[in-house]
Amino acid sequence: MEQLNNLWLSSGVAQVQGGQLVMLLVGLGLLFLAIRKGFEPLLLVPIGFGTLLANIPGAGFELAPVFDAAGNLESPGGLLYYIYHAGIETGLFPLLIFMGVGAMTDFGPLLANPRTLLLGAAAQVGIFTTVLGAVTLGHFGIMDFSIRDAASIGIIGGADGPTAIFVTSKLSPELLGAVAVAAYSYMALVPIIQPPIMRALTTSAEREIKMEQLRPVGKLEKIVFPLTLLVLVAFLLPDAAPLLGMFCFGNLMRECGVVNRLSDTTQNALINVVTIFLGLGVGSKMSAEKFLNLETLGILGLGAVAFCIGTAAGVLMAKLMNRFSQQKINPLIGAAGVSAVPMAARVANKVGLEANPQNFLLMHAMGPNVAGVIGSAVAAGVMISLVSGM
Amino acid sequence: MEQLNNLWLSSGVAQVQGGQLVMLLVGLGLLFLAIRKGFEPLLLVPIGFGTLLANIPGAGFELAPVFDAAGNLESPGGLLYYIYHAGIETGLFPLLIFMGVGAMTDFGPLLANPRTLLLGAAAQVGIFTTVLGAVTLGHFGIMDFSIRDAASIGIIGGADGPTAIFVTSKLSPELLGAVAVAAYSYMALVPIIQPPIMRALTTSAEREIKMEQLRPVGKLEKIVFPLTLLVLVAFLLPDAAPLLGMFCFGNLMRECGVVNRLSDTTQNALINVVTIFLGLGVGSKMSAEKFLNLETLGILGLGAVAFCIGTAAGVLMAKLMNRFSQQKINPLIGAAGVSAVPMAARVANKVGLEANPQNFLLMHAMGPNVAGVIGSAVAAGVMISLVSGM
Amino acid sequence: MEQLNNLWLSSGVAQVQGGQLVMLLVGLGLLFLAIRKGFEPLLLVPIGFGTLLANIPGAGFELAPVFDAAGNLESPGGLLYYIYHAGIETGLFPLLIFMGVGAMTDFGPLLANPRTLLLGAAAQVGIFTTVLGAVTLGHFGIMDFSIRDAASIGIIGGADGPTAIFVTSKLSPELLGAVAVAAYSYMALVPIIQPPIMRALTTSAEREIKMEQLRPVGKLEKIVFPLTLLVLVAFLLPDAAPLLGMFCFGNLMRECGVVNRLSDTTQNALINVVTIFLGLGVGSKMSAEKFLNLETLGILGLGAVAFCIGTAAGVLMAKLMNRFSQQKINPLIGAAGVSAVPMAARVANKVGLEANPQNFLLMHAMGPNVAGVIGSAVAAGVMISLVSGM
Amino acid sequence: MQETLIDQGLNLMLYGMGTVFVFLTILVFATVLMSRIVTRFSDDDVDLPTPQSAAISLDTTIPENHRRAIEKAIALYRQR
Amino acid sequence: MQETLIDQGLNLMLYGMGTVFVFLTILVFATVLMSRIVTRFSDDDVDLPTPQSAAISLDTTIPENHRRAIEKAIALYRQR
Amino acid sequence: MQETLIDQGLNLMLYGMGTVFVFLTILVFATVLMSRIVTRFSDDDVDLPTPQSAAISLDTTIPENHRRAIEKAIALYRQR
Ligand code: NA
Ligand code: NA
Ligand code: NA
């Protein structure tokens, strides 16, 4: 009978708490969004499943290992504990993802039209106005946000998952679940969030602007560019060096043409393995006490605002640049500056086609799109450095 | 001359002990079985070679690293030390293998005929009668088995390598080598062990039973099934959550259709790397003092008994179900309930074809076959939980 | 203003030191050699980029993590710190590379003509004369070399990157950058370094020697060879067991034919990932204070000498063997004994074709070429063992 | 009360085997129920959506290296 | 002087946004400059060398498994 | 007796080079012997068995992704 009682006590039904139950539903909801609605499934499937695993009562997925006095293992930790502490707390997984993303990125369109870097810069306005919104909520006691929390929330507006995870795991690890979910959800919602803003801020004539064809970009330019970027980062902004350094490394492996086997593995086996673990590790921070509170609502709300402002800023920057330049830019591609690669570029293309069925903006939008990745990595570096000193 | 003497003293011939010599032969024997006889080569090649490495006198493959007082590394540990402590002691490798196995498993036949889950349950009788056998040997002082040892030995009957390694590394790490070798050897011997038992327990008429064709199973069912299983585990049996959770995760990645690149990597690069390391890590526990004793003989004997009883229980359960049901089950597929995927299912098919050359049982046997994986993972969870509290 | 000042102080320009500047140029130079000149790009691209990352002022790529008194992480370490300490200090990465190299190696030509093992032995003379050169420089106070440093420098003459990294990380970690760069650079320079020496030491008649066609080698021989080698290592030279053990393991997986999926992953995803990390980790030791000194010049000079002597010794050994044997060996293939697989074998083939356009030496040269890998691994084992006891 | 080793083994067998059977029996019913619900709610199997999105460049269903392998296979074949 | 949370946020916005714009503007000029230099120094794009060497057996541009996949694809296709 | 650095180097050279030569010489004989035994005991090379078994679904010789790549290659080629 004792055993039966033990079995019952160790069963989930006896141990479950209301919060865990709700979090299990949240996990299933994320899986639904990822699988049925196609919301960034590569990350949201692991995050959603990690949420389920972390909230199984009594399963111990996020338990720490226990050692005896002599340092021998008494009971091993849970899988999610090891993943989180080895890969996310240390920042290794986001950096490896950045290496893989670098190996997948073609800087050709950006090199053909470097001015579009400014669109990528403008779209980061979304990050910093969101920071301001978060500190305002914090200042008036509406929500319990510190300056570190505000920076982590703002980075959602960077529309770049690994950057958001990197910043948040350093500044506000307890917000990691909410921030990552918000970042990936809004990246998936780009086709819904952006078009109305893009249409509202542009005239039909502006949307019809045809851009001249991009010049071909040589191999050598593509090889030298990541090195140029790295040198600039090294001298001007070493705080952004971890993210941008690994990004440039991946891109150099891709473009240099002599290490194709390394580049292939980086773009496939390596990034896939790390993506699975990154997602599970983020899921492990989706516990009831960290996710089921008013702050999460605030994060989701502020994240949506960040995306909208970033989109608007990109479009407006393009219109501003048209004031001063002969070669007109279709302002729709400014919206691609938020990054969310390659979704935002596709959205720009689609809205452009609505205005003029002959106007293909996709390649033009890829420039600001990848510029947005650089822009938010720069913003991440600045924020980590400034906030750590506050 | 001193150097020459040192060289001689550091040579293997001067250091070798009888036990190591025998273990080197055991390692070569495992390689022979794996390569020449085709015994589960994916695991037994690494285990066999790990046995060789661990028993090279003076090579230090399983030495622990030495740190000075300040925490700096004085001398690094051996490769097998790191593999064992990072991947097996923590349980990470078996769990990752389970994720990969999940990504390789098609639950279609099981979903088309869920009753076959009961066959997978029945075959686990082999596990628990073996536990009883082991405690009896221990009780009468014939062999030195504790209840923890008995549980680890019983799990051999689960015919599931990673499950056996997971349980044994938690309950009786010193038996790991013998248990893993027994588990994989008997899995390889399924085509020899099972048919006589299957023929003895069935009439020719029973073996000729034709089962109706399996209904087609929809994609959505296949997606929802791993989630259903996980939710049941979460509420009823959280102790089985680590193994079954990762199993369900892998299967969901496979079936959901939106993360094919993650599923591909899980089924290939990731599971292959982990398999190599898992095998080497198991081999590192194949030292003379742990393997060359009477207990190992007991483990091998009890393991064989476990397989036989499990096979018999599966067949008898199928016959019992036929008493109460209109839709007859060919009792041969009950033997597939021990798991040993996909070997046991093939054996059922082959024995069935002997009785009736038109009777293809393979797909029907895949249902109990994967049910056996679930069944032994459940048994593993229960045993870890109960034994830890004893 | 304070923030602006902080930003400035944290910028690279304010923090950069002369040494870092020079090391950034060194990193760019390595990338130039790798990408433009094709110098062993698989290693020199990661090493070169790692050099850049490690020398970005203020980026913290090689910072150690900081823990508070309770053991919680206060600030995570840098990426290169984790890579170096997890994979290079422990010796894991070189060992895994050796496993991959073993899985890529075909011992067929060696088995068809085992005498060529002696050429691989002779070429290691380069290693030990270089050791002598280094201790002479150290003895007379010209350079600050200990016996450990001398062994690490000598191993450059082994023309085997992972072996050099393995030895140096154990004996003289502070020389790792210089030794690895020298080893890979000279391996790339084999087509320039070797031919003059080969021509100087051979007559035209010798270079025209046609060797009889290699006998076909059976599968079983190829399977048994790595086991034979391992058993010999186990009994005679356990100090060489880590390197040669993993080498044999990889080769057995390749040849046994029953674990092709493990062998494929070992040769591709696994070795590629480890190569990237190994290169970055070596780069992390390329700091100004460790690389920009007279000793590096000495290492580069001694390394070149080692290659030349090794080449000469291989050629002379072949001529010596021709004195005592009926079956003549073309002495050019003796030069392939330094290893530098497969470059040195190709060089032997090319120089042979110059003398006689019908004389294809490539397959004959592959024997001493892979023998050179075994030879330098043996030398590595002996040196680690002897030097540790001095 | 001190348990003997055999008592422990019997307990383990009893509760273990019981749990396995109870759990898998429940799973049978849950699976049948799930299949019925799913089959009713989805008229057809074809209605599964194609995913709308994916992370940066990760959206190719055929991994890059396979695509390249395929292209090379075709190119090689044509050359012959 | 004690900073309020809002002061900190304003500072972060000011210096952060400033840095992003300054850095990316410099990057625009650096990129334009780099492209000009590179285009001048390399007459053509074709002049990139083919790599001369590689480590042990690592020199196949087509990874081994792809090559095999290709060969099998072709063999299979022909058999049909 | 205190050894000078040069003594140590000489020792290292002597014993090191000796070990390399002795070991590889033994390996020559061992290899020749091994080849003879193996060639005698196996009449032919064809007698290596095909493996009978493998772990769960791991038994496909062609990895799954390659198989898929191959099938896609063939399908694509046919479509053209
Ligand atoms: Na961005
Ligand atoms: Na089982
Ligand atoms: Na060598």
Side-chain angles (χ1 to χ4, degrees), chain A residues 107 110-112 114-118 120-122 124-125 127-129 131-136 138-140 145-147 150-151 154 216-221 223-225 227-229 231-233 236-237 239-240 257-261 264-265 371 374-376 378-379 381-383 386-387 390, chain E residues 1-70:
Chain A
F107 278 122
L110 184 69
L111 287 167
R115 286 188 306 155
T116 54
L117 277 164
L118 296 181
Q124 311 313 318
V125 168
I127 293 179
F128 293 102
T129 46
V131 171
L132 213 59
V135 294
T136 307
H139 180 76
F140 292 108
F145 291 144
S146 69
I147 185 70
V217 173
K219 277 197 89 164
L220 192 52
E221 281 178 80
I223 296 175
V224 178
F225 178 73
L227 294 171
T228 308
L229 176 53
V231 169
L232 275 188
V233 167
L236 300 180
L237 205 62
D239 296 314
V258 291
V259 294
N260 288 341
R261 51 181 293 151
D264 271 352
T265 296
I374 300 175
S376 41
V378 169
V382 177
M383 292 208 298
L386 286 181
V387 167
M390 277 176 178
Chain E
M1 192 189 73
Q2 190 71 25
E3 276 190 318
T4 68
L5 192 54
I6 290 207
D7 288 340
Q8 291 182 323
L10 277 172
N11 266 333
L12 200 54
M13 182 177 197
L14 198 65
Y15 293 110
M17 205 59 226
T19 308
V20 169
F21 261 111
V22 169
F23 184 84
L24 289 193
T25 306
I26 295 176
L27 185 57
V28 170
F29 287 106
T31 305
V32 170
L33 190 71
M34 179 277 286
S35 283
R36 280 209 197 131
I37 295 173
V38 161
T39 320
R40 176 166 315 165
F41 276 78
S42 73
D43 327 323
D44 204 348
D45 249 317
V46 205
D47 66 346
L48 267 182
T50 44
Q52 298 166 31
S53 78
I56 184 162
S57 291
L58 294 172
D59 60 338
T60 42
T61 321
I62 309 179
E64 183 68 2
N65 54 348
H66 293 168
R67 195 182 52 65
R68 251 179 263 148
I70 293 163

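Letters go in sequence order (proteins before strands), and every chain restarts at 1.
Taking the side-chain contact (heavy atoms from CB on, under 4.5 Å) definition, one finds that E:Leu14 meets it with nothing, sequence neighbours left out. With sequence neighbours left out, the side-chain contact (heavy atoms from CB on, under 4.5 Å) criterion links A:Ala151 to A:Leu171, A:Met383, A:Val387, E:Leu12.
Counting heavy-atom pairs under 4.5 Å between each of A:Ile147, A:Leu110, A:Leu229 and chain E puts A:Ile147 at the top. Among the candidates A:Phe145, A:Phe225, A:Phe140, the residue making the largest number of heavy-atom pairs closer than 4.5 Å to chain E is A:Phe225. Note: E:Leu10 leads E:Val22, E:Leu10, E:Leu33 in heavy-atom pairs under 4.5 Å with chain A.
Using a 4.5 Å cut-off between heavy atoms, A:Ser146 touches chain E through its backbone atoms (N, CA, C, O) alone. At a 4.5 Å heavy-atom cutoff, A:Ala150 makes no contact with chain E through either its backbone or its side chain. Residue contact with chain E, scored on non-hydrogen atoms closer than 4.5 Å, involves the side chain of A:Thr228 exclusively. Contacts between A:Ala122 and chain E at a heavy-atom distance below 4.5 Å involve backbone atoms as well as side-chain atoms. Only the side chain of A:Val131 has a heavy atom closer than 4.5 Å to any heavy atom of chain E. Residue contact with chain E, scored on non-hydrogen atoms closer than 4.5 Å, involves the backbone and the side chain of A:Leu232 alike.
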Would you please test E:Val28 and A:Leu118 for side chain to side chain contact (heavy atoms under 4.5 Å, CB included) and show each step?
CA-CA 8 Å; E:Val28 170; A:Leu118 296 181; 4.2 Å; yes
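Residues A:Ile374 and E:Leu24 form a side-chain contact, since some pair of their non-hydrogen atoms from C-beta on lies under 4.5 Å apart. Taking the side chain as every heavy atom from C-beta outward, E:Gln8 and A:Val135 never approach each other to under 4.5 Å.
We find the CG-CE distance between E:Leu27 and E:Met34 to be 8.5 Å, quoted to the nearest 0.5 Å.
Side chain of A:Gln124 to backbone of A:Ala121: no donor-acceptor contact under 3.5 angstrom is found.
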